[in-house]
Amino acid sequence: MLTLAFDTATRVATAALVRDGTVLGERVSRAVSVLEDADELLREAGAEQRDLTGLVVGTGPGSFTGIRIGLAAARGLAFSLSIPVAGVSTLDALAAGAPGAVPVIDARRREVFALLDGPRCLPPAELELSPGTVCVGDGAVRYRAVLEEKGAEVPPDSSPLHVPWARHHAALAHDFGAADAVEPLYLRLPDAVARAAR
């Protein structure tokens with residue numbers, strides 16, 4: 001099985017090409033470059049789009065626009081190539097890259113998305129963490145001081161543990177099906193909707 005996986009929910013977008021569990025290549029860029037990254041990965045592997053047998057897309061939580069870019073790209077490719085899609089939470093992918101750590105994504109508005117007893121959106125000061133808990137993700141980097149004050153440990157800003165690597169999305173994917181069945185995980189209203197409601 002040749003799978004293309006990508007996640008565009010955070011400021012760092014990732015894409016990976018995986019054949020039967022083996023990572024053939026991986027890219028880090030921005031959400032707007034995800035299709036270009038996919039083409040480069042296929043070219044470097046000596047493959048073409050028609051060789052793909054499945055797609056995996058990050059469903060968030062994260063940037064509303066970023067998530068929509070990823071879902072639109074996955075749906076467009078899936079429809080044009082007639083291949084199935086699976087969605088994987090960005091928080092789950094971060095957790096897979098740092099077993100035992102708490103994934104924390106910057107949610108803006110002085111909040112974070114975190115995977116605790118389930119995915120949650122809350123101010124970083126309200127995270128209930130045991131001393132020594134490792135926190136990873138761009139939210140952990142942004143709110144390092146708050147988390148470390150609570151006794152948590154945050155790897156250096158440049159650590160690859162903070163990146164939602166697409167290889168983990170591919171490894172976690174199951175229940176492949178129709179592209180339009182993959183739903184985003186927002187956890188709260190988009191910023192524009194929240195402002196309009198005020």
Which residues pass the salt bridge (charged side-chain N to carboxylate O under 4.0 Å, His left out) test with Glu44, not counting sequence neighbours?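 Per chain and number, Glu44 pairs via salt bridge (charged side-chain N to carboxylate O under 4.0 Å, His left out) with Arg27.
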Return the set of residues passing side-chain contact (heavy atoms from CB on, under 4.5 Å) with Ala179 (not counting sequence neighbours), or none when no residue passes.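 Partners of Ala179 by the side-chain contact (heavy atoms from CB on, under 4.5 Å) criterion, ordered by chain and then number, come out as Arg75, Ala78, Phe79, Val85.
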If two hydrophobic side chains count as joined below 4.5 Å and joins carry through other members, does [X] share a cluster with [Y]?
X      : Y      : value
Leu116 : Leu147 : yes
Leu115 : Ile105 : yes
Leu187 : Phe64  : no
Leu71  : Ile69  : no
Val12  : Val141 : no

Between [X] (side chain) and [Y] (backbone), is there a donor-acceptor pair under 3.5 Å?
X      : Y      : value
Asp39  : Glu36  : no
His169 : Ala16  : no
Asp7   : Ala13  : no
Thr8   : Gly70  : yes
Lys150 : Leu127 : yes

Measuring only between side-chain heavy atoms, which start at C-beta, is [X] closer than 4.5 Å to [Y]?
X      : Y      : value
Gln49  : Leu42  : yes
Arg110 : Pro123 : no
Val28  : Trp165 : yes
Thr14  : Phe6   : no
Leu4   : Leu77  : yes
Val56  : Leu172 : no
Leu41  : Leu24  : no

In Å, rounded to the nearest 0.5 Å, how long is the span from [atom1] of [X] to [atom2] of [Y]?
X      : Y      : atom1 : atom2 : value
Leu81  : Asp51  : CG    : CG    : 10.0 Å
Leu2   : Leu52  : CG    : CG    : 5.0 Å
Glu111 : Glu126 : CD    : CD    : 8.5 Å
Ile83  : Leu55  : CD1   : CG    : 3.5 Å
Glu48  : Arg43  : CD    : CZ    : 11.0 Å

Shortest non-hydrogen contact from [X] toward [Y]:
X      : Y      : result
Val34  : Ala73  : CG1-CB, 4.2 Å
Ile67  : Gly62  : CD1-N, 3.6 Å
Thr10  : Pro164 : OG1-CG, 3.8 Å
Val57  : Ala74  : CB-CB, 3.9 Å
Pro119 : Leu91  : CB-CD1, 3.9 Å
Val182 : Ala86  : CG2-C, 4.3 Å

Side chain to side chain contact (heavy atoms under 4.5 Å, CB included), paired with Leu161, selected from Val134, Val136, Leu94: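 Checked Val134, Val136, Leu94 against Leu161; only one passes side chain to side chain contact (heavy atoms under 4.5 Å, CB included): Val136.
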Of all pairs that satisfy side chain to side chain donor-acceptor pair (under 3.5 Å), the ones with a partner from residues 131-147, not counting sequence neighbours: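 Residue pairs with at least one partner in residues 131-147: Asp106-Arg142, Arg144-Glu148, Arg144-Asp157.
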